[in-house]
Amino acid sequence: MTGPVIIRALTESDAHLFDALPDPLGAREGHRRTTFRTEWKRVALRDGRVVARGAWWGGPDDAEPLSINWFDVAEGEEEAGVQLLRSVPWRVELEINLPGDWRGDPALRAAADVRFTAARAAGYELLVERFLYRWTPDHGVPERPGRLRFRAEPDDSVFFDALRRIHSVTLDAHALKAIEEGGLDQAAREELDFFHWCPSPREWWQTAYTPDGELAGIHIPAHNPSGPIVGFIGVVPEQRGHGYSYDLLTECTHFLVERGAEFISAATDRGNFPMAANFAKAGYPVVRERINFHPADVKA
């Protein structure tokens with residue numbers, strides 16, 4: 001390191017600078033369906049060389065970014081990464097996507113550690129580690145168990161109540177963070193806000209009932225700007241222990257396939273062992289991992 005770090009917000013004329021940094025963690029492939037706005041991209045330069053880059057991301061109608069989901073730092077340039085993250089007014093969640101085998105590969109692990117170090121030094125704290133899944137037809141459509149009855153539900157209050165019940169006993173780190181900040185109402189509201197933000201039809205949301213007419217849970221088949229996703233799977237506490245999460249996941253998969261999905265993306269926390277087992281059983285392979293950091297100085 002010699003000269004000072006210069007942070008540059010990119011424009012169409014210099015957008016090519018974003019591609020000047022090596023991509024050892026395969027972020028470009030992971031984001032091949034992601035649309036980034038050039039004005040939300042920044043690079044850090046030292047002596048005219050790109051040593052860090054970041055792409056902030058949001059939906060097409062969002063006035064400000066919702067997250068940082070591409071962040072790279074050259075070896076030994078952690079301070080440049082810190083300056084890059086601190087150069088913007090948006091303090092949003094940071095997502096670092098990694099190959100599924102990154103933990104066992106020394107080179108990948110070292111590249112990941114550089115990014116983690118810069119994130120922590122910039123005031124971000126680890127929130128959760130997650131598995132990223134991608135189902136495709138060659139994995140087969142999982143057979144429906146046939147135990148639950150599914151129906152569309154137009155009343156948001158039904159989902160709000162179900163989400164409060166589901167999150168009253170949860171392993172989900174984002175829900176636990178929301179509960180800590182604002183209680184079960186905030187956790188339920190954040191989920192509903194995300195479902196409404198998705199460009200897929202509201203009519204897709206479904207409740208699930210046992211043959212006796214008791215609510216078992218909900219599932220939300222959805223599309224985000226990159227394509228079809230398993231938006232949410234949740235079983236109410238009093239119906240747990242019957243394996244209904246798998247029933248919800250298979251129904252969600254069928255629902256999306258019947259509407260033309262040629263792939264389905266999904267995610268769950270690494271610590272959510274029951275849901276991870278359901279994804280494996282339903283033919284969803286882990287394709288990448290995601291490390292979520294949140295800005296420690298931001299409160300709800």
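Position 1 is the first residue of the sequence; numbering continues from there.
- Under a 3.5 Å cut-off, the side chain of H254 and the backbone N or O of P142 do form a donor-acceptor pair.
- Using a 4.0 Å cut-off between a side-chain N of Lys or Arg and a carboxylate O of Asp or Glu, R189 and D185 do not qualify as a salt bridge.
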Candidate pair W56 and N69, rule side-chain hydrogen bond (donor to acceptor under 3.5 Å, both in side chains), full reasoning | CA-CA 6 Å; W56 281 253; N69 63 2; over 6 Å; no
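- Remark: E143 CD is loosely packed, at most 12 non-hydrogen atoms of other residues, nucleotides or ligands lying under 6.0 Å away.
- No side-chain donor-acceptor contact under 3.5 Å links D212 to the backbone of E214.
- Nearest approach of P228 to A261, heavy atoms of both residues: CG-CB, 3.8 Å.
- Residues S157 and D155 bring a donor and an acceptor atom of their side chains to less than 3.5 Å of each other.
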Where do L132 and V286 land on the side-chain contact (heavy atoms from CB on, under 4.5 Å) test, with the steps shown first?
-> CA-CA 6 Å; L132 303 183; V286 175; 5.9 Å; no
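- Aromatic pair W70/F18: centroids less than 6.0 angstrom apart.
- Atoms NE2 and OG1, on H219 and T253 in that order, are 9.5 Å from each other to the nearest 0.5 Å.
- When only modelled atom types and interatomic distance are considered, H294 and E93 share no side-chain donor-acceptor pair under 3.5 Å.
- Note that R134 lies in the cation-pi zone of F263, set by a 6.0 Å cut-off to the ring centre and a 45° limit from the axis.
- For W205 and H196, the ring centers are positioned less than 6.0 Å apart.
- For the side chain to side chain contact (heavy atoms under 4.5 Å, CB included) with N278, the lone residue among N272, T250, T268, L249 that qualifies is L249.
- The backbone N or O of R49 sits nowhere less than 3.5 Å from a side-chain atom of D47 that would complete a donor-acceptor pair.
- Closest of all the heavy-atom pairs between A187 and H167 is CB-CD2, 3.9 Å.
- Rounding to the nearest 0.5 Å places CD of E289 at 9.0 Å from CG of D101.
- A salt bridge between R32 and E29 is present, with a side-chain N of the basic residue lying under 4.0 Å from a carboxylate O of the acidic one.
- Between E78 and R120 there is no salt bridge, since no side-chain N of the basic residue sits under 4.0 Å from a carboxylate O of the acidic one.
- Residues W57 and H31 keep their aromatic ring centres 6.0 Å or farther apart.
- The environment of E262 atom CD is sparse: at most 12 non-hydrogen atoms of other residues, nucleotides or ligands sit within 6.0 angstrom.
- A salt bridge (charged side-chain N to carboxylate O under 4.0 Å, His left out) with E251 is found for one member of R149, R144, R151 and no other, namely R144.
- In this view, F116 and W102, F293 satisfy the ring pair (Phe, Tyr, Trp, His ring centres under 6.0 Å) rule, not counting sequence neighbours.
- Pairing each heavy atom of F279 with each of A266, the nearest pair is CE2-CB, 3.5 Å.
- Ionic pairing of D161 and R165 is present here: one or more N-O contacts between side-chain nitrogen and carboxylate oxygen are shorter than 4.0 angstrom.
- Minimum interatomic distance between N292 and R290 (heavy atoms only, all atoms of both residues): OD1-CG, 3.3 Å.
- A cation-pi arrangement is found for R259 relative to F255, the charged atom lying closer than 6.0 Å to the ring centre and inside a 45° cone about the ring normal.
- Within 6.0 Å of atom CD in E39, more than 12 heavy atoms from other residues, nucleotides or ligands are found, so the atom counts as buried in its surroundings.
- Ion pairing between a basic and an acidic side chain is recognised when a charged N comes within 4.0 Å of a carboxylate O; E95 and R130 show no such pairing.
- The closest donor-acceptor contact from the side chain of R42 to the backbone of A52 lies at 3.5 Å or more, if one exists at all.
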